[in-house]
Amino acid sequence: MLELRKGLDILSAVGGIDALEGAKSLFAQELDAENLEKLSKIQNEEALLRVANAIAMCRPDKVMVHTGSPADRDFVRKHSLEKGEEAALPIDGHTIHYDLPQDQARLVKQTFYIVNEDEKISSLAKRELRSDSHAYIQEHMTGIMQGKIMFVGFYSRGPIGAKAATPAIEISSSTYVFHSAELLYRNCWADFDTEVARRGEFFTNVHSEGPNRPEDVPNARIYMDRSWQTTYSMFCTYAGNTLLLKKGNHRFASDSAIYNHRGVELSEHMFITGLTGPGGRKTYFAGAAPSGCGKTTTAMVGSDFIGDDLAQLWIADDGTLRGINPEIGIFGIVEDANEEGDPYLMKCLREPGAEVIFCNVLIDDNGKPRWVGDGEEVPRRGKNFQGEWTPDMTDVPMSHPNSRCTLLNEAIGNHNKEANADPAGVPVKVVTYSGRDADTMPPIWVAKSMNEGVVIGASIVSKATATEVGATGVNRQPWANAPFIAGGLSDYLDAQLAFFNNDKLAAKPIISGINYFLTHENRGGAASGLLGEKRDVHVWLGWLELYAHGDVEGIETPIGIIPKYEDLKKLFKDRIDKDYSEELYTMQFSLYVDNIVARIDLQTEAWRQEDNPSEMLFTIYAEQKVALEALKADKGAIVRPQDL
Ligand code: SPV
Ligand code: MN
């Protein structure tokens, strides 16, 4: 169990303000009349104390309350250019922001959960004792905003009033962070108090980039205090380390789902998208993938794109699985985004109309943002995250592989803004899990039961991507949420089983594994590289849409249901006008029994190290292994789908 408000509250300990009186007199001293007036909208005492203590700790020169008004937005955009956190680009509304070369992705080795003495956390996470974090924050955040403006904003992680939406306070001296916050989250200054009262909790985030010099980055820390639902971040600017409304608060939202709303809510690292099926029906998908594994592309393949990164799921009174996107924008990877694979996104990135913050791409002599895989001729020179760049600098990529773009979802052609604003969420019928798996699992396999579906999520492995500094190898990525699961993995497993097996969940979704990353080399092919292409996603989602409605049947295997060749062939033709050969189908969907069994053994062993996980998991692994070995004895180590 996770106990809230346990241990010392570092923010109030360092800030030193413990009563409303003190907070109010500090505000009177530090805020001008306009900002005092704006802050007076907030009456929640606890929230005011958090803001006051952040001011007392960080000691900014000025405090600005960001209400989300056009004037406040304008101020931040302009100040960001003056301060140099962003620079304007030729297309109106487009800017470029650079993070220091040392700070191009999540700093996992410098990211900690603050723990109390006796507290257990996930085996995949890093912890620091509360007293040590207290000392560090006291030393490094005291006075960190001297000479700077502190921005204070009140945001909602989800449509106002949605069951699983949570309000949060963002405090930062960075204009880039606030410019991004306004594109990614709903400013709920006017509704904050009522939202806190409705949800019964709120999150707090305090960040400062400090002097923003390379020599400071080793001192950067990203702290999550789960007990006080407060994050602290310093000496960094990369949004994944600083805009903690996103992943910092996703970690708290996961806690809230697992420990406070077990069996009725989940908080997932998932896109949400709708696909239009036969007769115009809309089928909503929620799909998990580790960072940098194609979530954004997959989401935008839908006819009704909702969100590309996070999902808050719950069971509604009518027995449906509902999902909301806590965000209203994307912070998407641009590498390999091009006209062919990502037409909606490219329109926003290449034409006027959308407000876009690019980060860490190359800007060529004409002021055009360029990135690896953008499908155009490599420019002769430009400036990137490391300075001047020319193509002969073969050890420095043109753009960082984690360079990104930040923009409102509503700028994306197929975004369904109305559905994303609906507090009732969308009904989710298909849940998917995927990872970067070059050699083992087929492109799609559907679980035969809710328990087997949960096991698919528990068993994701994925090759490391550039989204985490220093990450290497192929790693376990349970539910593609591993970097954001704070508590024990066994607790997470229990919560998943409780949710999907809940009797109140009358409209059970189908649960499927997806894998885009099989290679020719690993499937006996003569060519090299990926077996599929980006646009094949239309077919994989299309088949799942049909399967979810009982419009196609699949082939039963020990790991789940896989598609039949004829159905895929037709979908390839209809959806993307591609001739799909039976040879390719066989390469993609044959069961490589030894690989799958090795995967099951690895998972069994890893999960055995956890604290008392549900036996259900081991039972399913064991059943699948027995069935796979029987199959191998009968048909050999590589079993063609045609022979099943
Ligand atoms: C991810 O890496 O999963 C992202 C970007 O969505 S970050 O904010 O860095 O988490
Ligand atoms: Mn993500």
Side-chain angles (χ1 to χ4, degrees), residues 97 99-100 102-111 124-125 155 157 168 170 172 174 176-177 179-181 183-185 203 205 207 220 222 224 231 233 236-254 267-273 286-300 306-312 325-337 345 357-360 385 400-407 409 432-436 460 462-471 475 477-486:
H97 160 85
D99 300 296
L100 290 165
Q102 300 79 359
D103 182 25
Q104 294 284 312
R106 274 184 279 112
L107 293 162
V108 279
K109 295 198 174 74
Q110 289 156 265
T111 299
L124 302 176
Y155 292 90
R157 298 182 83 260
E170 179 72 30
S172 175
S174 165
Y176 165 66
V177 165
H179 189 185
S180 303
L183 294 173
L184 292 173
Y185 297 92
F203 308 143
N205 305 290
H207 160 260
I222 297 95
M224 263 70 55
T231 71
S233 162
C236 47
T237 62
Y238 170 68
N241 296 319
T242 61
L243 180 60
L244 293 175
L245 279 169
K246 196 174 180 71
K247 293 307 187 349
N249 291 171
H250 172 55
R251 291 165 163 113
F252 298 153
S254 292
S267 177
E268 298 294 317
H269 193 206
M270 286 180 169
F271 67 80
I272 303 178
T273 200
S291 307
C293 295
K295 277 205 317 302
T296 302
T297 298
T298 309
M300 287 184 194
I306 302 292
D308 80 326
D309 194 38
L310 299 171
Q312 295 283 120
N325 170 18
E327 310 190 289
I328 54 165
I330 69 165
F331 176 54
I333 294 175
V334 290
E335 184 159 300
D336 291 331
L345 182 61
I357 312 174
F358 288 92
C359 73
N360 305 322
F385 65 104
H400 191 277
N402 193 38
S403 49
R404 292 184 180 244
C405 55
T406 306
L407 61 153
N409 284 339
T432 69
Y433 295 99
S434 59
R436 262 178 207 270
I460 294 178
S462 194
K463 189 165 172 286
T465 65
T467 59
E468 295 185 336
V469 173
N475 304 300
Q477 281 279 6
W479 297 282
N481 209 9
F484 317 112
I485 298 174

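Read the numbers this way: they start at 1 and go in the same order the structure lists the ligands and their atoms. Just so you know, these numbers come straight off a predicted model, no measurement behind them.
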Going by distance alone, is a donor N or O of one side chain under 3.5 Å from an acceptor N or O of the other, for H97 and D99?
yes
Pairs of nitrogen or oxygen atoms closer than 3.5 Å, one from K247 and one from ligand 1: do any exist?
yes
Do any nitrogen or oxygen atoms of H269 lie less than 3.5 angstrom from nitrogen or oxygen atoms of ligand 1?
yes
Of the protein's non-hydrogen atoms, which lies at the shortest distance from atom 8 (O) of ligand 1, and what is that distance?
G240 CA, 3.3 Å
Which ligand 1 atoms does D309 reach within 4.0 Å, using its non-hydrogen atoms?
6 (O)
With atoms numbered from 1 as shown, which atoms in ligand 1 lie under 4.0 angstrom from a non-hydrogen atom of K246?
6 (O), 8 (O)
T467 heavy atoms within 4.0 Å reach ligand 1 at atoms 2 (O)
How far is atom 5 (C) of ligand 1 from its nearest protein heavy atom, and which residue and atom name does that atom have?
R404 NH1, 3.3 Å
Is a side-chain donor-acceptor pair under 3.5 Å present for D308 with T296?
yes
Output field for angle at the Mn ion (ligand 2), H269.NE2 vs K247.NZ, rounded to 10°, should show 100°
T231 and N205: side chain donor to acceptor below 3.5 Å:
yes
Looking only at distances, please establish whether an N/O atom of ligand 1 is found under 3.5 Å from an N/O atom of S291.
yes
Examine R251 relative to F484 and say whether NZ or CZ is less than 6.0 Å from the centre of the six-membered ring and inside a 45° cone about the ring axis.
no
Is the Y155 ring parallel, tilted or perpendicular to the Y185 ring (thresholds 30°, 60°)?
perpendicular
With a 4.0 Å cut-off on N to O distance, would you call E327 and R157 a salt bridge?
no
Taking atom NE2 of H179 and atom OG of S174, what is their separation to the nearest 0.5 Å?
11.0 Å
Which protein heavy atom lies closest to atom 9 (O) of ligand 1, and at what distance to 0.1 Å?
Y238 OH, 2.8 Å
Just checking, any donor-acceptor pair under 3.5 angstrom between side chains of N241 and H207?
no
Have a look at D309 and say which of its N, O or S atoms is nearest the Mn ion (ligand 2).
OD1
What are the atoms of ligand 1, with element, lying closer than 4.0 Å to any heavy atom of F331?
5 (C), 8 (O)
